[in-house]
Structure formats: structure tokens, C-alpha cells
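Shown next, in C-alpha cells, is the structure this report addresses.
Order of appearance sets the numbers: ligands from 1, and atoms from 1 within every ligand. Sequential numbering from 1 along the given sequence is applied to the chain's residues.
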Amino acid sequence: MEKVSEKQMTTDVIEEQTDYAAWDTHPPDAEPQRQFYYMELCRRWLKEQQDRLGRPLTAAVITFGCQMNARDSEKLRGILENIGYEMSDTEAADFVIYNTCTVRENANLRVYGRLGRMKHEKEKNPDKRIALCGCMMQESEVVEKLKKSYRFVDIIFGTHNIFKMAELIFRRICEDHMVIDIWKDTDMIVEDLPNDRKYSFKTGINIMFGCNNFCSYCIVPYVRGRERSRQPDDIIREIEQAVSDGVVEVMLLGQNVNSYGKTLAEPISFAQLLRRICRIEGLLRIRFMTSHPKDLSDELIQVMAEEPKICRHLHLPLQSGSSEILKRMNRRYTKKDYLELVDKLRKACPDISLTTDIIVGFPGETEEDFLETMDVVERVGYDSAYTFIYSKRTGTPAAVMDDQIPESVVKDRFDRLLKKVQEKAAAACERFEGRTEMVLVEEINSQDPHLVTGRLSHNLVVHFPGDASLIGHLVPVKLTECHNFYYMGERA
Ligand code: SAH
Ligand code: SF4
Ligand code: F3S
């Protein structure tokens, strides 16, 4: 009935007459019911807009950050789809959400660059809406700057309340100005909201949020809040649901998965959680990140050695090879501890692939300190490593340390490190030559449509002849040609 009367109105009448705020009569207090209520109101509003324009409205979530950020984007997409937006991945969409990162300065600069171009887009499309969320929004200077110089932004929210996006969209519909909602911290974990997986066969699963480690260079604990673990039963239920939807590989996500469960009312270790997840029928592969070396237990190494579903890959951030720098980074392990850990891992899982993160140019880093890092790279022989130039983050202890390193020195060290990392990675990659390994096919190769691209349990990428019917399947592939960090192969 309502639909008929809506259609009879002219465009102008709809715009003048709909008092959207009057729709908001009985919002439930409890979550997630409250959000489903707002999704319904947004859905009604969206329908009106689409009828007025005679076309669907599109939305895009643009992700700038880490895997945790990418997982949040899937949740945002789930909410937007539920509201009825047609999903797109370009900034030409009617509603663009930037899910930001602030771990290094250049992550912030990228956001401002993209945002600058949006002002013009918004002038061209009066129905365009822009939201900003994620880690960068947890910094008050950023929000001040947006309020001052980017008035055209519609909605700003942070990392703790992404579950609340529908409610904020509805507020923006009712109030004709920028809506800002940032929480300083939270102990809330809202379960059972919709989410839209980027791949049908693999997904990230948050097992914990926040971080308590306060590495002295890192902004994450300030923008993601204190460490909170999800209940094991909630995690298992989510994975079981994903598996029944066709997922075969999960990536368990947390800033420090090795401290999972310590703060729960009924504590459980990460290793115990893994054992439970391994029992889920239909799930074929389990990955996790990130592992902090200081908390990597013998129990975990044993589970990794015993459970074939756990992938033969561990991302173990080193940050620096110098014990002195590690101390000033507040990492709470030494070079020796790290190398011993690697030895233990390699004894238990001989063929495991190891990857890492390294920061170059931390305040006070001497040439000798840097050579210690080079030494660890030499000895461990990582399968790959993300190398970062130290970026000063205001509010962190390292930002006010003496001896910030001149750019030219850092650049020189960075280049030397990168060269070594690439040499060692190419050597590590060679060990697979001629082997036949199970590959999870992920997609059609972006350059050659006759090839598909997939990954080994070791996380190594391989391209081989195949078609779309293989996507999401595990197939045996012979690794024939090593190309330094990936393989060409053929079905075995
Ligand atoms: N929780 C993860 C890392 C999350 S941030 C861990 O503890 O390993 C991802 C990576 O960004 C870090 O491992 C670190 O190498 C890098 N990083 C963090 N802060 C940085 C900074 N201020 N400058 C340069 N790199 C940084
Ligand atoms: Fe940052 Fe350290 Fe926490 Fe990782 S463990 S998120 S590097 S503070
Ligand atoms: Fe960036 Fe936030 Fe991840 S700062 S690295 S998106 S936790």
C-alpha cells in the first residue's frame, strides 16, 4: 500500500514531505537488533531515493589498511548490501566509504589525496555521500582537520563503532550536516551482523581486537584500543557458518594472536583455540596473523607441527635484529630469543615458510644495529619480508626519542636491506622447484585469462593453466618454473 502512494507523489513532494526523523520511533537498545532496525529505516529511505532517481544507488568501501581493516570493510559492505545499495569498487559510486589506516604517515597522505578529488565529484553528483572511518579517525587532529578543511564529508566514525554504520547513515539522512561519532575505546563486541566476503572460499575471522603491547613506534594500540578476545564459541560458530557457505580457508586475525584468550573469564590459549578450529569439518586450511615473537609458545609450535590443516607459513615480525633497538622498541625479546624461536619452529616444522616485518631507521639505529638486522635476514632466509622506513607517529614514545635518523642514511640502509631480502627470498623460493604441492585456486590470472592463480599452504603464489571452475578448489600442481617470488606450474 505504502509503495503505491509513494509512487503517486512527484519528486518534489517526496523531497519536501518526508520527515525521516519521524520514522525513528522505537529503536531497540540491544545490539545487534538496534542496527537491524536502522538498516530497515535506511532501506526505506534508499528505496525512496531510487524511485526518485529511477536508478539503483551504488556504494563502495575503499580499504587502506591491514587485513584487520580489510575484514572491517567486509562488515561494512555487508551492512550496505543489507540496506540495498548496489556494491561497486570504484569511487564513482554514490556512497563512498574510506576505511583508513594511520600506521605510517604515507597511509594518511594517501587518504587526503583521494579525498581532495572527491569534493569535485560531490559537486557533480548531488546524491553523492562520503564517509570516513577506521584507524585514522581515532586521532583527534585528523578529525579537526576534516571538520575545518573537508566540510563536504558526510559521516565520520572510528574503529570501535563500525557495527553502527546503519544508525549513523540514518542520522545523516535526518540531520543535514556532518555526523561524527568516535569512541575512545570500547569493551563491546557486537556479534551476528551481516558481512560480505570478498572471496567465497576464504575469509578473515577476527579472534581478537585491539592491542596491549605498546611497541614504542606503533600507533595501533592508541587507535584500536585495549586487547579484547572474542568468545571461542562465537568464533567457532562464525567459522562453521562460513564453511557451510563454501569457505575452505580462514585467516584468524588479531594484532597479537598469541595472547588470545588471556583476558576471557574462562581463559583459553591460542593453541587450544586452534585445536578446536582444526576439528571443523569441511575447513581445509587455517592461517593466522600476527604472531608476536614474545608470546609464541611451545604449545603453539606443537599444535602447528601436529595439525595438517594449519598452513606451513608463519608471519613472525622481527622489526629489528639489534637487541638494543628491540629494547627501545619495547618488543620484549632479543636477537638471540628470536633466532632460538626460529630454530625451534624449523625443528618442529622443517619446511615452514617464514615471513616478517622490518623497520629501518628507528631513532638511534646505528650502522652496527642495522648490520644486526641484516644478519638475522641472512640467517633466517625469509620467504618474504615487508620492509618499512620508520615513520614518526605523534603520541607514541618513539616520536620524542633523540637521534631521529637522517633520511639519506635511512634510504641507503633500506636499499641494502631490500636487496638482501630479495636475494634470500629468491633462494627460499627455489627450494620448491619440481615439487608437486596442493594449491588453493583463488582467481583467474589478471594478465592471462588462460591461467589461474593460487597459493600453496606455504603462501607461495603459483600461476598455471586452468579456468574459473577451479576457483575455490584445492588442486595438485607441479611447480615447474621459479620466478624469484612466484612459480609457473602445471596441473599434476
Ligand atoms: N601487530 C603486528 C603489526 C601491525 S602493524 C605486529 O606486532 O607485528 C604492521 C607493521 O607495520 C609492523 O609490523 C611494523 O613493521 C610496521 N609499523 C608499525 N608502526 C610503524 C611505524 N611507526 N613506522 C614504520 N613501520 C611501522
Ligand atoms: Fe603495534 Fe606492537 Fe601492537 Fe603490533 S604488537 S600492533 S607492532 S603495538
Ligand atoms: Fe593500519 Fe589500523 Fe591496520 S592503523 S595497519 S589499519 S590496525
For [atom], grab the closest protein heavy atom and report residue, atom and distance to one decimal in Å.
atom	value
atom 5 (S) of ligand 2	N213 ND2, 3.4 Å
atom 1 (Fe) of ligand 2	C218 SG, 2.3 Å
atom 7 (S) of ligand 2	Y217 OH, 3.4 Å
atom 2 (Fe) of ligand 2	C215 SG, 2.3 Å

Within the side chain of R431, is there an N or O that forms a donor-acceptor pair under 3.5 Å with the backbone of D351?
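Yes, the answer is positive, given that a donor and an acceptor are paired below the 3.5 Å cut-off.
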Using a 3.5 Å distance criterion without hydrogens, assess whether the side chain of R393 forms a donor-acceptor pair with backbone atoms of T102.
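Indeed, once roles are kept as given, a pair shorter than 3.5 Å links the two residues.
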Using ring centroids (six-membered ring only for Trp), state whether [Y] and [X] fall under 6.0 Å.
X	Y	result
H160	F209	no
Y487	H463	no
F388	F414	no
Y85	F95	yes

Report the part of [X] (side chain from C-beta onward, or backbone N, CA, C, O) that has a heavy atom under 4.0 Å from ligand 2; answer both or neither where that applies.
X	answer
V220	side chain
C211	side chain
F214	backbone
P221	side chain

Does a side-chain N-to-carboxylate-O contact under 4.0 Å join R346 and D343?
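Looking at D343 together with R346, the answer is no, because their closest N to O distance does not fall below 4.0 Å.
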Is there a heavy atom in Q67 that sits closer than 4.0 Å to ligand 3?
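So Q67 does not count as touching ligand 3.
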[X], [atom1]: over 12 other non-hydrogen atoms inside 6.0 angstrom:
X	atom1	answer
E407	CD	no
F214	CZ	yes
E367	CD	yes

Aromatic rings H292 and Y333: how do their planes relate, parallel, tilted or perpendicular, breaks at 30° and 60°?
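It falls in the perpendicular class, over 60°.
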Please work out which of the three classes, parallel, tilted or perpendicular, describes the rings of F163 and W183, given edges at 30° and 60°.
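Geometry flag for F163 against W183: perpendicular rings.
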In order of chain and number, which residues sit within 4.0 Å of ligand 1 by heavy atom?
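For ligand 1, the contacting residues are V103, R104, Y217, Q255, T290, P317, Q319, R331, D357, I359, F388, I389, Y390, S391, R393.
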Yes or no on salt bridge (charged side-chain N to carboxylate O under 4.0 Å, His left out) for E227 and K262, after CA distance, side-chain angles and deciding distance?
CA-CA 10 Å; E227 192 175 291; K262 289 185 179 161; over 6 Å; no
Assess the residue pair I155 and L132 against the criterion (side-chain contact (heavy atoms from CB on, under 4.5 Å)); give the C-alpha distance rounded to whole Å, side-chain angles, the decisive distance to 0.1 Å, and a yes or no.
CA-CA 6 Å; I155 306 172; L132 283 162; over 6 Å; no
Taking a cutoff of less than 4.0 Å between a non-hydrogen atom of the residue and any ligand atom, is R224 in contact with ligand 2?
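It does not, in that no heavy atom of R224 comes within the 4.0 Å cut-off of ligand 2.
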Using a 4.0 Å cut-off to any heavy atom of R331, which atoms of ligand 2 qualify?
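Under 4.0 Å from R331, ligand 2 has these atoms: 2 (Fe), 7 (S).
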Determine, for Y112 and K145, whether the Lys NZ or Arg CZ falls below 6.0 Å from the six-membered ring centre while staying within 45 degrees of the axis.
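The answer is yes; both the distance and angle limits are met.
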Which ligand 3 atoms does Q255 reach within 4.0 Å, using its non-hydrogen atoms?
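Reading through ligand 3 atom by atom, the close ones are 7 (S).
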Mind listing the protein N/O/S atoms less than 2.8 Å away from atom 1 (Fe) of ligand 3? Waters don't count.
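Correct list: C101 SG.
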